[in-house]
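Working notes, structure below.
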Amino acid sequence: MEKLFETGRKAPGKEAPGKKTSGRRPGWALRFLRLLVNLALILVVGVLAVVSGLYAYVLYVYDDQLESRYPDLIQNSFVYDADGNRVGEFKAEENRRTIGEEDLGEYFPEAVIAVEDRRFYEHYGADFAGIGRAAWEDLRSLTVTQGGSTITEQLMKNLYISEARRGNISPWRRLEQAALSFSYERAHTKDEILTAYLNTVYFGDGAYGAEEAAETYFGKSAADLSLDEAAALAGFLHSPSTYLPEEDGEGYKLATERRNEVLAMMYEQAMISSEELEEAEAVTLQFTPDAEPNGSAYEPFVEAARREAERELGSEVLERGGLDIYTTLDPTLQQEAVDSIEETLNESGDPSGAVASVEPQNGAIKALTGQKDDFNLALDARRQPGSSFKPFVLAAALREFISPEATYYLSQNLDFDYEGERVQVKNYDGVQRGRIPLDRAMAESDNTVFVQLAMDLGLENVAEISAAMGVITPVDPYPATAIGGLGTGVSALEMASAYATFAASGIHREPYAVERIERSDFGESESVYDHKVEGSRVLSGNQAAAATEVLRRVVLEGTGSLYHNLDREIGRPSAGKTGTSEEFADAWYIGYTPRLSTAVWVGYPEARTPMLDVHGEDVVNGETLPMDIWSAYMAEATTEDLVLDFPRPDRREFVPLSRGYAVNPAGSSPSAMTPVSSADEVRRRYGYESGPPPQ
């Protein structure tokens with residue numbers, strides 16, 4: 001029985017006398033080892049907890065952004081003329097143009113992989129072998145100097161790590177970067193990651209992304225880079241500022257050495273053959289010269305397009321960029337407008353000029369030029385229009401069915417009170433023409449007649465119709481307004497647009513520069529704006545035709561015929577009006593054909609400086625330099641147009657004015673005139689109930 005219950009373990013108690021114990025307590029080494037194991041387990045658990053927490057934090061903070069196929073990057077925007085040629089660019093805060101994977105070229109992606117992340121297609125965002133090597137180097141040097149970053153990690157750094165923290169390559173930032181990279185890789189393909197990286201990264205010389213870098217260094221698209229050029233660009237990522245071309249050639253030397261290093265890496269990784277390596281190394285690296293500033297001929301128009309795009313889309317969208325802005329600009333007309341100014345105002349000390357052309361049928365701006373330093377003369381110069389404002393008084397009269405041929409006024413010096421102020425009006429050189437009809441008064445540019453007419457019509461009505469026709473500058477209802485004495489002044493574009501209303505049979509269409517806008521992002525485009533042509537009727541077709549008939553007399557036998565025969569010079573009928581402000585500070589000619597309305601302004605932008613003794617002319621007025629420019633420009637601008645006549649008006653719709661300052665051709669005052677039908681009676685006669693003609 002004793003053997004049956006025998007065990008290998010003795011019951012606790014005292015040992016038999018004379019026997020020594022064989023068990024020992026663990027030694028200090030074993031206890032220390034156990035402590036290390038426990039600490040290691042705790043550390044692993046802690047690290048796992050930290051990594052898990054960091055990963056959860058990354059998902060919480062960045063999840064929506066990480067899910068997007070491509071990052072939302074600031075880009076440049078481009079402006080194109082009506083033929084699709086690029087004529088302008090709006091630089092973003094980061095000089096970049098994103099492109100898709102298919103536009104990165106044959107060699108460039110592989111060159112970048114070879115030099116930046118040879119295990120790119122093998123890791124899951126963070127290359128732990130690389131991190132290990134970097135950590136070992138840090139331990140050896142007792143400093144934190146090695147990044148060990150993959151392409152994905154570099155992308156995460158550029159997208160989500162603030163610029164102030166990018167220089168800090170501490171373990172914590174590495175963990176954050178690795179967590180971002182792992183999350184990003186789960187939601188994207190390798191090709192998407194590489195495409196995003198190559199569009200994000202900085203290549204030096206102000207160029208962000210592959211497309212802008214290729215354009216900056218080699219003057220071509222990334223898709224067209226040769227092997228040696230692709231290797232050079234990939235090498236620049238290491239230290240972008242190191243390889244900029246310098247006068248002493250040091251930049252070329254360093255760039256060539258770096259290019260060859262990248263080529264060798266590509267060969268080692270079996271990306272290129274030995275023949276390709278030798279051929280690429282033998283090529284002399286050639287950077288494209290810095291582009292000369294160009295586009296000055298287009299600057300006024302490009303600025304108009306920028307403002308319009310900002311109005312339609314908002315400043316934030318414009319600042320983010322990536323826009324392709326397709327415009328109405330006719331490049332041939334634009335160049336002709338520039339040439340006509342330069343060929344006319346070609347002497348030292350000459351005044352400046354501005355030209356604006358608008359298509360009456362839709363409001364499209366076809367040409368816009370005139371720049372003094374950074375000041376856009378065609379858009380922003382607000383100058384006194386002088387007598388070129390008189391057609392708006394005529395329009396107000398025609399809208400009341402007042403006959404330009406049968407309504408007479410006395411052309412005489414005026415001296416009267418208006419709202420407590422003394423007003424004096426006289427004609428150029430003090431000429432007084434006596435009784436004169438409105439159409440002849442327009443041809444002769446008689447100031448006194450049109451002030452009287454405006455007073456009879458109501459100055460508010462003159463201001464209202466000028467605004468309806470396209471004068472956006474506020475116009476005060478004051479007697480001087482009738483002859484272009486405005487408080488602020490007008491721009492060339494306003495005047496071209498307003499006169500286009502006559503050519504468009506009385507319908508005003510707002511001038512516009514932008515046809516459509518697309519947003520391009522990583523090779524894909526979407527439409528964000530399309531212009532819709534709209535118009536508002538200001539005059540009936542017959543009233544507009546009557547106005548044109550009056551303005552034709554200016555061209556054929558009035559001030560417009562003093563030095564020019566415009567019909568012969570441009571090869572087609574036109575109508576228009578000259579204008580000169582006080583002391584010859586501004587000179588204008590605004591004229592139109594059925595297809596094109598053009599305004600020309602000449603003057604000194606800096607101040608209201610009289611234009612005296614210019615090109616042998618004692619004084620410059622609307623009949624001289626502005627008409628010279630208009631004629632030269634329109635002769636070329638309308639070459640391809642059909643020769644069209646203006647529609648003729650039905651004069652029976654209009655009657656003489658019988659009130660106010662108007663006179664009977666055979667009498668001396670309004671009281672001697674035979675009463676005529678009122679404007680309302682004329683409206684009823686032609687089927688209008690009341691007010692202006694039907695819209």
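We use all heavy atoms of the structure for the numbers below, so side chains are in, but hydrogens, waters and symmetry mates are not.
A donor-acceptor pair shorter than 3.5 Å cannot be found between the side chains of Thr593 and Ser574. Defined by atom type and a distance below 3.5 Å, a donor-acceptor pair is present between the side-chain atoms of Ser445 and Lys577.
Relative ring orientation between Tyr478 and Tyr418 is described as perpendicular, the plane-to-plane angle rising above 60° on a 0-90° scale split at 30° and 60°. Ring geometry, Tyr326 versus Tyr80: the interplanar angle falls under 30°, so the pair is classed parallel (tilted spans 30 to 60°). The aromatic rings of Phe392 and Phe389 lie perpendicular to each other, with more than 60° between the two planes, well past the 30° mark.
With hydrogens and angles ignored, the 3.5 Å screen pairs no side-chain donor or acceptor of Thr448 with any backbone N or O of Lys426. With hydrogens and angles disregarded, no donor-acceptor distance shorter than 3.5 Å links the side chain of Asn85 to the backbone of Asp81. In this structure, the side chain of Asn542 does not engage the main chain of Pro649 through any donor-acceptor pair within 3.5 Å. Although no hydrogens or angles enter the test, the distance criterion places a donor-acceptor pair under 3.5 Å between the side chain of Ser581 and the main chain of Asp586. Gln334 places a side-chain N or O within 3.5 Å of a backbone atom of Ala297 that can act as its donor or acceptor partner.
Using a 4.5 Å heavy-atom threshold, the side chains of Glu583 and Arg608 count as separate. Two residues are said to be in side-chain contact when any heavy atoms from C-beta on lie closer than 4.5 Å; Asn621 and Thr578 fail this criterion. The shortest side-chain heavy-atom distance between Val620 and Pro351 does not fall under the 4.5 Å cut-off. Asp628 has its side chain out of reach of His615: every pair of non-hydrogen atoms, C-beta onward, lies at least 4.5 Å apart. Between Leu566 and Tyr589, the closest side-chain pair of non-hydrogen atoms falls below 4.5 Å. For the pair Phe654/Thr407, no side-chain contact is recorded, criterion being any heavy-atom separation below 4.5 Å from C-beta on. Residues Thr624 and Val602 fail the side-chain proximity criterion, which asks for heavy atoms closer than 4.5 Å. Within the 4.5 Å cutoff, side-chain heavy atoms of Leu493 are placed close to those of Leu368.
Using a cutoff of 4.0 Å between basic side-chain nitrogens and carboxylate oxygens, Arg572 and Asp567 are not scored as salt-bridged. Look at Arg516 and Glu518 and you find a salt bridge, because one of the NZ, NE, NH1 or NH2 atoms lies within 4.0 Å of a carboxylate O, short of that distance. Ionic pairing of Glu549 and Arg552 is not present here: no N-O contact between side-chain nitrogen and carboxylate oxygen is shorter than 4.0 angstrom. Under a 4.0 Å N-O distance rule, the pair Glu400/Arg659 qualifies as a salt bridge.
Between Tyr592 and Phe646, the distance separating the two ring centers is shorter than 6.0 angstrom.
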Q: Check the pair Asp446, Ser411 against side-chain hydrogen bond (donor to acceptor under 3.5 Å, both in side chains), reporting the backbone distance first and the verdict last.
A: CA-CA 7 Å; Asp446 193 291; Ser411 170; 2.5 Å; yes

Q: Please test Ile402 against Leu457 for side-chain contact (heavy atoms from CB on, under 4.5 Å), starting from the C-alpha separation and ending with a verdict.
A: CA-CA 10 Å; Ile402 295 170; Leu457 296 171; 3.5 Å; yes

Q. What do the steps show when you test Val554 against Met442 for side-chain contact (heavy atoms from CB on, under 4.5 Å), and what is the final call?
A. CA-CA 7 Å; Val554 175; Met442 181 69 78; 3.8 Å; yes

Q | Check against side-chain contact (heavy atoms from CB on, under 4.5 Å), Val449 and Tyr661 | A | CA-CA 9 Å; Val449 167; Tyr661 292 95; over 6 Å; no

**Q.** Candidate pair Arg519 and Ile517, rule side-chain contact (heavy atoms from CB on, under 4.5 Å), full reasoning
**A.** CA-CA 7 Å; Arg519 175 167 171 78; Ile517 303 175; over 6 Å; no

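With sequence neighbours excluded, the residues satisfying side chain to side chain contact (heavy atoms under 4.5 Å, CB included) with Glu464 are Arg399, Ala468. Under the salt bridge (charged side-chain N to carboxylate O under 4.0 Å, His left out) criterion, Asp324 pairs with Arg97, sequence neighbours left out.
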Listed pairs under 3.5 Å, donor-acceptor, residues 469-476 side chains, sequence neighbours left out:
{"from": "Thr473", "atom 1": "OG1", "to": "Arg382", "atom 2": "NE", "distance (Å)": "3.2"}
{"from": "Thr473", "atom 1": "OG1", "to": "Gly489", "atom 2": "O", "distance (Å)": "3.2"}
{"from": "Thr473", "atom 1": "OG1", "to": "Glu494", "atom 2": "OE1", "distance (Å)": "3.1"}
{"from": "Thr473", "atom 1": "OG1", "to": "Glu494", "atom 2": "OE2", "distance (Å)": "2.9"}

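The neighbour count for Arg553 CZ, taken as heavy atoms of other residues, nucleotides or ligands under 6.0 Å away, is above 12.
Geometrically, Arg435 does not engage Tyr408 in a cation-pi contact, judged by NZ or CZ lying under 6.0 Å from the ring centre and within 45° of the ring axis.
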